[in-house]
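Quick notes on the structure that follows.
Just so we're on the same page: letters track the sequence lines, and every chain starts at 1.
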Amino acid sequence: MRPRQWLLALGTLLAGRVLRRRGGASGDAGAGGATGSDGEQVSGTPERRAENVVLVLLGIAILFAAGFVATYAAFSARHIPNELLGICLGMALVFIGGALTVVAKYLVVNEEIEEDYPSEHPEDQREIAQMVRESGGRFTRKRLLIAAGTATGAALGAAAITPVLSLGPIWYTQPLDRTPWRRGVRLVDVDGRPLAASAIEQESFYTAFPEGADPENIGSPIIVIRVDPANLRLPRARATWAPQGILAYSKICTHAGCAVALYRKPTFPVVEPEPEFVCPCHYSTFDPFTGGTVTYGPAGRPLPQLPLMIDASGDLRAAGNFSGRVGPSWWNVREPPV
Amino acid sequence: MTDPLLQPVRFIDERTAAAPAIKKLLRYPFPDHWSFLLGEIALYAFIVLIVTGVYLALFFDPSTAKTVYHGPYTPLDGASMSVAYKSVVDISFSHQAGLLMRQTHHWAADVFVAAIVMHLMRVFFTGAFRRPRELTWLVGLTILFTALLEGYLGYSLVDDLLSGMGLAIGYGVGLSIPIIGGPVMLALFGAPFPGAPEFWSRMYIAHVFIFPALLATLIGVHLALVAARHHTQFAESPRHSERRIVGLPMFPAQVPRSLALMFFVAGLLFLLGGLVQINPIWQWGPFEPWLGTNGAQPDWYLGWLIGALRLMPSFDVTIGHYTLIPNPFWGGVAFPMVVVGVLAAFPWVERRLTGDRRVHNVADRPRNAPNRTAFGVAFLSWVFLIFVFGAADRIYVLWDLSYNTQLTLFRVAIWVVPAALFLVVRQLSRNLRDADVIEGDREAAMHEAEQRERARVAQAGS
């Protein structure tokens, strides 16, 4: 029980110190405020009392600081109590602050001083302007030289910031439009296992990825759900995109790029009796039955839908790429008509 | 018999010729008012940030390489995560005092920004930004918004679930900037979200060097500008005037006061770091782009942006099928630009409106500038209500007020409440100011009557 012993020792020391100090102070007072022999501060005066308080506060600070070291030494990283460390270090600092407060209030001269606010220097201002004006006295074609200097600065500036282009594909924005999904790509779960159509149940929610692609690519993750095909109201062009009522949408919100991680019945006055996709960041809500249209929240365009098909062995595969661009909208994103 | 203190002083003066400057510095007058300590709190929180940040940098590894966790925090045992996230979990559980430093660092960041905002409000409502202190005001604003970015970078680096969601939103907001959004975000991230591995090095160097160095420089400039024209002061007595400053000298009176505040701030931050849990990243888990959680909230100082993003009605500005301005632009870019713009332009706008171009060293009481006070309160309430709406999902959980009801309510309230507050506060300020004037007149009249009475008695006696 080392920690408890440490604490006990700390407490005893602390109490002893405070009591001793108090005893000392009252003892001085009891001596009738005798003058020090060599003209020192009179004991029992406010200054002397303040000094005593400062000493006590610093003493307590020392104990807390020592307590921090002791706590650090007494525990392994696994069991070290963060609270005790915080109390020791924090209280050591607070008691030093307290000591300094006493110093500020009782032990230093607190006389206000008065002085003029700094003023302007009209004479110097004129002289500076004059100096600058005269410095250009030898130039005969001032404008031309200023223009040349500006042009040089601009050219050098351009040369200096050109390497910024190496940061990333600045002009080549196609990566923003690319996804790993093609016709025939198999859907796999987060562990890389193929997703069978029969495994997709209603009222549940599956995250899937393109087989063999980087799951972290923003174009990869999709949400897969199963609904009653009778309730589907997809655009006519997407009639074949949901075999057996199995639907897939990009999991990345078209508003600000968060994962659309909720599939629930809306908490606001019910527009749809069926669950919808909700992004937890800003509550953009998308209707899976109508092709991912926005029914609530700030998103400005629908969630891109991925056409699906079921292969001979019953696994889900993409039947093409998304209906629109994946991820947050940006300048130039084209939303094809549905 | 020479003064033993003279020797070191002479040593320094001989080598720097700085004795007059040092003497002046030691006698620099600090007007004594509690509200002048808010800026100092920010300064001391910044120092705590540097100290704890250096400690954290000794252990943090800014790498997105994948690793598998095996360590003392068993719920994450065997989980796949980035090296960055793992190193922060290790700071929290495997390095003695690491958690204390991490939590204190996080608390210090929250307090730093809070103190800056309070300080800004003090300066605004007392008119301390007026001529000749407009540059100090602008540098202060730059510090505030640099601090916001610095804080955002700091919690994004950890690569836990919440930081990843925050980063995704930042990416989405960046993309939404017309024309340059896509190229700039690709340049910063090096690749589409979640970005190239280099992106982590970029965030790291920005968080631990570029932004702190910038902040330290700006703070230095800010303090130098304050010292150059001296502090403002309140007209507490006839001695406090536009020409004469009254205050406690830096040495010896102000030094122990200020140091005491530093130790109190640092002590409080370490107590918070030890006793009050903040951002328990091991509970959030590692981030993957396909993961998200409900009820996520950023650090308080980004709440106003979340609120603005959530309040915005659903529309993208489009021509035909081409997007011109995506929705996040309004809440994530335009809104903060408006706030910065209004604050930055305010000294000049006010000067234009009031025609008051004089140098001001005496700070106003808020009631003595009814229009400014009313505008400040209205503007603040506008930003504050948007900030509150950022936590609407929490309010829903707390008070069962549906998100949709709140949305409707706030879309009206953010315009109506500031307008109402403007009128109310302006009237209140005017009344208080007039009451002061009446009180002053009454006192002057009584004083005069007393004088007359005394004169009469004296005359009668002679």
Side chain, backbone, both or neither of T293(B) within contact of chain A (heavy atoms, under 4.5 Å): backbone
Engaged part of L291(B) at the chain A interface, taking heavy atoms whose separation is under 4.5 Å: backbone
Interchain contact, V190(A) with chain B, by part (heavy-atom threshold 4.5 Å): side chain
Shortest non-hydrogen separation from P280(A) to G292(B) and the atoms involved: CG-C, 4.4 Å
Residue among I306(B), I179(B), I177(B) with most heavy-atom pairs under 4.5 Å to chain A: I179(B)
side-chain contact (heavy atoms from CB on, under 4.5 Å) partner of S329(A), the single match among N327(B), D316(B), L324(B): D316(B)
L248(B) versus N110(A), closest heavy-atom pair with distance: CD2-O, 3.6 Å
Proximity breakdown for P81(A) and chain B, heavy-atom pairs closer than 4.5 Å: neither
W330(A) versus L175(B), closest heavy-atom pair with distance: CB-O, 3.2 Å
Under 4.5 Å from a heavy atom of chain A, the part of F93(B) involved: backbone
Chain A contact via R202(B) - which portion, at a heavy-atom distance below 4.5 Å: side chain
Heavy-atom contact with chain A under 4.5 Å, split by part of A296(B): neither
Side-chain heavy-atom pair N294(B), R264(A) within 4.5 angstrom cut-off: yes
Contacting moiety of Q406(B), where chain A heavy atoms sit under 4.5 Å: neither
Interchain contact, I252(A) with chain B, by part (heavy-atom threshold 4.5 Å): side chain
Considering all heavy atoms, the nearest I113(A)-P249(B) contact: CD1-CB, 3.7 Å
S314(B) (side chain) donor-acceptor with A299(A) (main chain) under 3.5 angstrom: yes
For A259(A) against P289(B), the heavy-atom pair lying closest together: CB-O, 3.5 Å
Within 6.0 angstrom of Y73(B) OH, more than 12 heavy atoms from elsewhere: yes
Nearest atoms (heavy-atom pairs only) where F193(B) meets I218(A): O-CB, 3.4 Å
Chain A contact via L269(B) - side chain, backbone, both or neither, heavy atoms under 4.5 Å: neither
SB check E120(A) R131(B) (cutoff 4.0 Å): yes
Electrostatic pair R243(B)-E115(A), nearest N-O below 4.0 angstrom: no
Heavy-atom contact with chain B under 4.5 Å, split by part of V294(A): side chain
Interchain contact, S241(B) with chain A, by part (heavy-atom threshold 4.5 Å): backbone
Gap between atom CD1 of I87(A) and atom CG of L275(B) - 0.5 Å precision: 4.5 Å
Greatest number of heavy atom pairs closer than 4.5 Å to chain A - which of G182(B), G181(B), S176(B): G182(B)
Heavy-atom contact with chain A under 4.5 Å, split by part of A228(B): backbone
